[in-house]
Protein chains: 2
Amino acid sequence: MPEPAYVRIAGEYALRIRGGELPPGMQLPSYAEIAQKNGVSDIVVRKALELLLSQGLVRSVRRRGIFVADRPNLVRVSPERQMETAERTFRNESDRDIQVERETEQIPATSELAEALGLSEGELITHVITRATEDGRPISISDTYHPVDVVDVSGATFLEETVSDQLPTAPHAEWLRTTPGELAKTVHQQFLSADDRIIMISDVSYPRDRYDAFVFRMALK
Amino acid sequence: MPEPAYVRIAGEYALRIRGGELPPGMQLPSYAEIAQKNGVSDIVVRKALELLLSQGLVRSVRRRGIFVADRPNLVRVSPERQMETAERTFRNESDRDIQVERETEQIPATSELAEALGLSEGELITHVITRATEDGRPISISDTYHPVDVVDVSGATFLEETVSDQLPTAPHAEWLRTTPGELAKTVHQQFLSADDRIIMISDVSYPRDRYDAFVFRMALK
DNA sequence: AAGTGGTCTAGACCACGTG
DNA sequence: ACGTGGTCTAGACCACTTG
């Protein structure tokens, strides 16, 4: 069984992107063009580029084209970077134009949130929505929940992060401008105090092409 | 712009799988059947199931069918579980038939490995290939490298794990029996001693449907 | 007006598993 | 012999962006 055409084509582009021949942000030829160059139908090209999409090597913009990911080698590091403000985290990753906006409200805790935070249902908690862009492109959005008397995360001694690929919630998808059905990288964070109580919860979504990999540094014993 | 049909269909199956209505291991109807039930073409169904595949909720077996993932809620936990032997790790996750096989050889270090481990190129190092199955199905394969005088990982005080989605190497793809072009979850592990030297490196691949999420527990400060 | 990606259709061949 | 998923083709419409 030979290698399917779409795997071959995807592999060629992956090499050229990783090798720097195709620089970040560069527009790829259209489906039709790639198809013609490779002597296949455009369906095969779509499958090939889907593969690159799911690896975060390219990003597609509807009605404009497919572009090489802006940060093909960027890595998200935990826990160091995750203890800083979003501004500092992203500005340490980049010297570009980072914009962060926040929206804060007090809401009654749902049963899940109340249980997680050790409160009673309906008790008021703080909900912060944080949105970040880099050079105008959305790069993250998060929902953070904590008791109203918690001001920051400096009291935490443990961080637990759960990483998965998920269909983003509607508000997250809208902000990240993902196409319907496109998965996002999601990180569910729980900041724990020394007595193992959760003092802050945060659900963060990133576009697939934001990070090449996630790095976690853990002390043993 | 309404929700595309394939997202709707994928969402319906995701709910039924997560909710337990479709139990692990159960075979899904064929593409043609699902297509007919939903009044769409089989192409749409393929896209829908691709979505579930990439989320690890189902697994496809060529010429047999699509099956609900065996472990739709299994989570990989670090670092606790990763300090144990592979046997213990997997047996703690499951009461099923776990088989682990190892292959050990001494090889001269490549330049990358030599640099990482603080040795000189060509110096002999130990290479261990570990393959694991659960009820006969492959669930992981890893390449581990360490200096010949390192016997285990008990001397490590730090663990750094890098998680990404990649096209597996040929031997890994063959063992996991992934279809061509299918991505695997890969974890690159580095075990560090107290003086920050790397005493062991391991590259592990998992099938996409093995874990629902990866959890990392980190001490702060 | 032309080109783009996103969605969807109808149809085909292949190699292999199952009954 | 039949059904399966995997691959591939040719063609279509849509809504929007770009020149």
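Order of the sequence lines sets the chain letters (A, B, ...), proteins ahead of strands, with each chain counted from 1.
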A.B. asks: When you match A:A5 and B:V61 each to their closest nucleotide on DNA chain D, which lands nearer the 5' end?
C.D. replies: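 In this pair, the answer is B:V61.
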A.B. asks: State which residue, out of A:M200, A:R102, A:E105, A:E103, fulfils the side chain to side chain contact (heavy atoms under 4.5 Å, CB included) condition with A:V128.
C.D. replies: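 Single side chain to side chain contact (heavy atoms under 4.5 Å, CB included) partner of A:V128 among A:M200, A:R102, A:E105, A:E103: A:R102.
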A.B. asks: Do the side-chain N and O atoms of B:R131 and B:T133 include a donor-acceptor pair separated by under 3.5 angstrom?
C.D. replies: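 No donor-acceptor contact under 3.5 Å links the two side chains.
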A.B. asks: Hey, does the side chain of B:Y31 come within less than 4.0 Å of D:dG3's phosphate (OP1/OP2), counting only N and O?
C.D. replies: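 Answer is no, no contact under 4.0 Å.
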A.B. asks: What side-chain donor-acceptor pairs closer than 3.5 Å can you find for residues 16-28 of chain A, not counting sequence neighbours?
C.D. replies:
| residue | atom | partner | partner atom | Å |
| --- | --- | --- | --- | --- |
| A:R16 | NE | A:E21 | OE2 | 3.2 |
| A:Q27 | NE2 | A:R64 | O | 2.9 |

A.B. asks: In B/S/- notation, 5' to 3', how is nucleotides 10-19 of chain D contacted by protein heavy atoms closer than 4.0 Å?
C.D. replies: B----BBSS-
A.B. asks: When you measure from the side-chain N and O atoms of A:T179 to the phosphate of C:dG5, is any distance below 4.0 Å, counting only OP1 and OP2?
C.D. replies: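 No, no such contact exists.
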A.B. asks: So B:A32, base contact, sugar-phosphate only, or nothing? Heavy-atom distance under 4.0 Å.
C.D. replies: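 Here B:A32 touches no strand at all.
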A.B. asks: Tell me the interatomic distance from A:K47, atom NZ, to C:dT7, atom C1', rounded to whole angstroms.
C.D. replies: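 A:K47 atom NZ is separated from C:dT7 atom C1' by 16 Å.
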A.B. asks: Only pairs under 3.5 Å count here: list side-chain donor-acceptor contacts from residues 178-186 of chain B, not counting sequence neighbours, and write none if there are none.
C.D. replies:
| residue | atom | partner | partner atom | Å |
| --- | --- | --- | --- | --- |
| B:T179 | OG1 | B:E182 | OE1 | 3.1 |
| B:E182 | OE1 | B:T179 | N | 3.0 |
| B:K185 | NZ | A:D165 | OD2 | 2.8 |
| B:K185 | NZ | B:D165 | OD1 | 3.0 |
| B:T186 | OG1 | B:S164 | O | 3.3 |
| B:T186 | OG1 | B:S164 | OG | 3.2 |

A.B. asks: CD1 of B:I66 versus P of D:dG3: gap in Å, rounded?
C.D. replies: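 Computing the B:I66:CD1 to D:dG3:P distance gives 18 Å.
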A.B. asks: Atom CG of A:L51 and atom P of D:dT7: how far apart are they, to the nearest Å?
C.D. replies: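 From A:L51 CG to D:dT7 P: 10 Å.
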A.B. asks: Is any side-chain heavy atom of B:D212 less than 4.5 Å from a side-chain heavy atom of B:L74?
C.D. replies: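 Side-chain contact under 4.5 Å: no.
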A.B. asks: Choose from C:dC8, D:dT7, C:dG5 the nucleotide whose nearest atom is closest to any side-chain atom of A:S30.
C.D. replies: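 Nearest listed nucleotide: C:dG5.
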A.B. asks: Just the rounded figure in Å: distance from P of C:dT9 to CD of B:Q36.
C.D. replies: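 For the pair B:Q36 CD and C:dT9 P, the rounded distance is 14 Å.
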A.B. asks: I need the CZ-C1' distance between A:R177 and C:dG5, as an integer number of Å.
C.D. replies: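 Taking CZ of A:R177 and C1' of C:dG5, I get 16 Å after rounding.
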A.B. asks: Please give, in whole Å, the distance from D:dG3 C1' to B:L28 CG?
C.D. replies: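 To the nearest whole Å, that distance equals 16 Å.
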A.B. asks: Check the distance between C:dG6's P and B:E3's CD and give it to me in whole angstrom.
C.D. replies: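 Computing the B:E3:CD to C:dG6:P distance gives 17 Å.
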A.B. asks: Taking the side chain as C-beta and beyond, is there a heavy-atom pair between B:D70 and B:R59 under 4.5 Å?
C.D. replies: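 Contact flag for B:D70/B:R59 side chains = yes.
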A.B. asks: In terms of relative ring orientation, are A:Y206 and A:F214 parallel, tilted or perpendicular, with 30° and 60° separating the classes?
C.D. replies: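 Because their plane-to-plane angle is over 60°, the rings of A:Y206 and A:F214 count as perpendicular.
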A.B. asks: Mind calculating the distance between OH (B:Y6) and C1' (C:dG5) to the nearest angstrom?
C.D. replies: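 My rounded result for the distance is 11 Å.
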A.B. asks: Both A:P4 and B:E33 contact DNA chain D. Which one's nearest nucleotide lies toward the 5' end?
C.D. replies: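 Of the two residues, B:E33 wins.
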